[in-house]
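In what follows, a structure is listed as structure tokens, so that the remarks can point back to it.
In what follows, chains carry the letters A, B, and so on, assigned in the order in which the sequence lines appear, proteins first and then strands, with residues in each chain numbered from 1.
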Amino acid sequence: MSFEALKRDSDKRWLDLTTGTKPWIRVSSVMCCGTSLESEEIVSVIANYIEKNKMLINIDTVGCHGICYAGPIIDILYKGQPRIFWGNVTKDNVVKILDSYIKKGEVLTDNLLGSLGERSIDGIKKIDDLPGINLQNRIALRNSGNIAFNDIFQYIANGGFEGLHKAVTKMSSDEVISEVKNSGLRGRGGAAFPTGLKWSFMSNSKGVKYILCNCEEGDPGAYNDKGILESDPYTLIEGMAIAGYATKSTNGYVFIRHGHDGPIERTKEAINQAYENGLLGKNIFGSDFSFDIEVSLTGDSYVAGEETALMESIEGKSARPRSRPPFPAAYGVWGKPSTINNVKSLAYVSEIIRNGSEWFKSIGTESSSGTAIVCLSGDILNPGMYEVEMGISIKDVVEKIGGGIPNGRKLKMLQTGGPLGGVLGPDSLKVKIDFDEMAKAGAILGSGGIIIVDDRTCAVDLTKSLVAFCQYESCGKCFPCRLGMTHLLEIVEKISKGKGNLNDLDLMNKIGKNMQAGSLCGHGQLGYNPISSALKHFQSDFESCMDGNCPTGSCNERQIVFPENTRPSSWQTIKEN
Amino acid sequence: MSALKNINNEYILDILENQDHTTVTILSSLLSVQDGIGFLPKNAIKVVADFVNVTTNDVWGVASYYLNFRFDPPGKHTIEICWGPSCHVNGASKLQSSVLEKFKLKNQGDTSDGKFTLKFNTCLGACPQAPMISINHKLSGKMNSLKLLKMLDKLK
Ligand SMILES: Cc1cc2nc3c(=O)[nH]c(=O)nc-3n(C[C@H](O)[C@H](O)[C@H](O)COP(=O)(O)O)c2cc1C
Ligand code: SF4
Ligand code: FES
Ligand code: FES
């Protein structure tokens, strides 16, 4: 089928869904809000209900609305009325909601979130007034919560694959790269490297070349990559295909940690549907561009998310980083030229091509264009995954969107950009969400995780959990990181137990400097960050703990039991000394 | 349960041949065996080595690197508790200590009756619902010790 015909067909189906006579129920279900609560059970309760009542109803499972605190969420579109949303739905109250709305036209006010649509309904507030909805500008997440994760026609009806079609039929590879360069898109995986520039490094050699999409997402506190794959895997697939066209690549891998069944299964299904409709595979849109994508699974290893370790892992080996040069653009996976991007970076690409780079550049700030998908968790009233324009202050994100700290407590720390990122204090609320501004403040935006911590937690306690993570996840290839992390953890543990003295701070600083200078990859190079940033803002917590007076008592109360790392390393020998 | 149990070679080979991975590697093969059997039996190392055409040394290297692989049968139920920072500040260590006490364990591992395997995970990927646990791969959020112990008691 030609793309035009596919589009006509999709539009017709969409029109049927949205303006037809049947109610359309959408149940939001992703790992976070859904499967971890009970949305799967809710879907089957609704299915039973439909069957029992012999009703003609469309039901779809959709992705995330971002407002995790309200999950599981369902909404109904019926009889030309605006979409009506209910939150914190359970398998016990869902039938009541359906019964009263579909049978009697009455909107049950228990659990009601509000309505969405241009028109409003008397007596029902609009969902746009909810914290976290009106300050968002959803680009990468534009379809998330709105389309079924497993229906490519719904994606196409909403502008899907227009970007790829435009690129392949109307633009040269170089033009696509210039467009992405001009958009100012920077990598969302951690290092914020300009995406278009990275693509332009790709070797011009003929033959097999790879686009690698990084969804390892091991950072505790970040779940937006998995969120995209579960909510709208098509936008990633389209972005990868455009990246493939731009770099004249032939193959793509989506790299996901095993066991995350939601993202894995949904991505695989979306890839299959794209093949069935000629949007992947040979001669896409009748051009001479062919592109294949497959899913590659990795085992439990945080460092597998590092770009060269990822390549080792795809090849089926231990995920230990390679030394560079050679760089991936010349010698990547299976020795072939490879470009690696994060899920979010690629998820923007289709809209950038479809709407033009000027449009994207007009959103956000001078140095960081577009949006950031922030994941709020920890001590926050409204945890969730929110797509906000770059340039918004952290204060607005925490207070307006996140609803602030619950139970009248005070904000103490913000942990951003994953365990290797850094810890900020309350004085950084004025800092803007922006790659450069956050780096200046001593933290990174990284992949967008923000863990909010209130005044019940001692800085030493939080630092200990971050350092323990970094120690546990060291791949063990180089000793400054392997031994350094272990030594740092020992010292932080000692301090948290009321021992230690000021010399220990100097010692940690020395170890940190050595790790930075001598480690092969970012894990060891940045491994001292959690400690140095915590010391910058909260040295007094460290000093009190050394005197046996943990300022909040959390060091004594929360005794984490660290699992032992079974990777071959010499940490046991240090412990015994 | 520390002995490396053997499972019929043919059975393992069958898993390897039918693995749901497009590109077959040492890692994809080990993941399939563990998914299929629950652990890596000792003879699987050799079977995988022959199947992928590498040495047993290569296979051991990969199997010992990724922390999800285990070499003896897991308990009947696998309980995972997240100790990542979002869960930590929301009380993960309390969950750890109450389950450790119930299971009479000092750290992650298997209970002596073979009923439970306890694992500590660095992030279960649903941090907004912290503290997170999973029971037999099903995630549950906003957990507390009382609720968790009740859930464990219900497992047969
Ligand atoms: C220890 C370590 C872990 C990493 N983990 C991830 C990850 O889980 N996901 C990711 O996209 N990037 C991760 N990165 C960054 C990648 O190496 C790489 O820079 C990124 O995927 C490039 O994509 P981008 O240019 O789109 O940002 C990690 C880096 C290091 C040093
Ligand atoms: S710095 Fe750490 S994680 Fe990176 S290669 Fe060295 S040991 Fe491995
Ligand atoms: S509700 Fe969407 S990520 Fe949690
Ligand atoms: S930190 Fe516990 S689920 Fe992410």
I'd like to check Val303(A) versus Tyr65(B) (side-chain heavy atoms, cut-off strictly below 4.5 Å). Are they in contact? yes
Partners passing side-chain hydrogen bond (donor to acceptor under 3.5 Å, both in side chains) against Thr55(B) (at least two apart in sequence or in another chain): Asp58(B)
Are Tyr302(A) and Leu67(B) close enough, and set up right, to give a side-chain contact (heavy atoms from CB on, under 4.5 Å), and what steps lead you there? CA-CA 10 Å; Tyr302(A) 176 71; Leu67(B) 300 175; over 6 Å; no
Ser318(A) to Gly61(B) - nearest heavy-atom pair and separation: OG-O, 3.5 Å
Hey, which of Thr457(A), Val453(A), Leu297(A) has the most heavy atom pairs under 4.5 Å with chain B? Leu297(A)
Most contacts with chain B, counted as non-hydrogen pairs under 4.5 angstrom, among Thr298(A), Leu466(A), Ile314(A): Thr298(A)
With side chains defined as the heavy atoms from C-beta onward, is the minimum distance between Tyr69(A) and Pro128(B) less than 4.5 Å? no
Residues of residues 14-27 of chain B under 4.5 Å from chain A (heavy atom pairs)? Asp20(B), His21(B), Thr22(B), Thr23(B), Thr25(B), Ile26(B), Leu27(B)
Do Ser93(B) and Gln559(A) make a side-chain contact, defined as non-hydrogen atoms from C-beta onward lying under 4.5 Å apart? no
With respect to chain B, which residue among Gly299(A), Ala222(A), Gly218(A), Pro383(A) yields the maximal number of heavy-atom pairs within a distance under 4.5 Å? Gly299(A)
Taking atom NZ as the centre, does Lys336(A) end up with more than 12 heavy-atom neighbours from other residues, nucleotides or ligands that are less than 6.0 angstrom away? no
Please determine whether the number of non-hydrogen atoms from other residues, nucleotides or ligands lying under 6.0 Å from atom CZ of Phe562(A) exceeds 12. yes
So, the part of Tyr253(A) with a heavy atom under 4.5 Å from chain B: the answer is side chain
Does one side chain, of Tyr66(B) or Ser313(A), offer a donor that lies under 3.5 Å from an acceptor on the other? yes
Contact origin within Glu217(A) toward chain B - heavy atom pairs under 4.5 Å: neither
Strictly distance-based, threshold 3.5 Å: is any side-chain N or O of Asn107(B) a donor or acceptor partner for the main-chain N or O of Val561(A)? no
Enclosure of Asn57(B) CG (heavy-atom neighbours >12, cutoff 6.0 Å): no
Does atom CG (Asn53(B)) have a neighbourhood of more than 12 heavy atoms from anything else shown, all under 6.0 Å? no
Against chain B, label Asp454(A) side chain, backbone, both or neither, depending on which of its atoms sit under 4.5 Å from a heavy atom there. neither
Could you state the interatomic distance from NE2 (His258(A)) to OG (Ser28(B)), rounded to the nearest 0.5 Å? 13.5 Å
Parallel, tilted or perpendicular: ring planes of Trp83(B) versus Tyr472(A), cut at 30 and 60 degrees: perpendicular
What's the spacing between Phe469(A) CZ and Cys123(B) SG if we round to 0.5 Å? 8.0 Å
As an exercise, state the distance from CG of Leu376(A) to SG of Cys127(B), rounded to the nearest 0.5 Å. 11.0 Å
Sorted by number, residues from residues 84-92 of chain B in contact with chain A (heavy atoms, under 4.5 Å): Gly84(B), Pro85(B), Ser86(B), His88(B), Val89(B), Asn90(B)
In terms of heavy-atom contacts, does NZ of Lys115(B) have more than 12 from other residues, nucleotides or ligands at under 6.0 Å? yes
Within residues 95-104 of chain B, contacts to chain A at heavy-atom distances under 4.5 Å involve Gln96(B), Leu100(B)
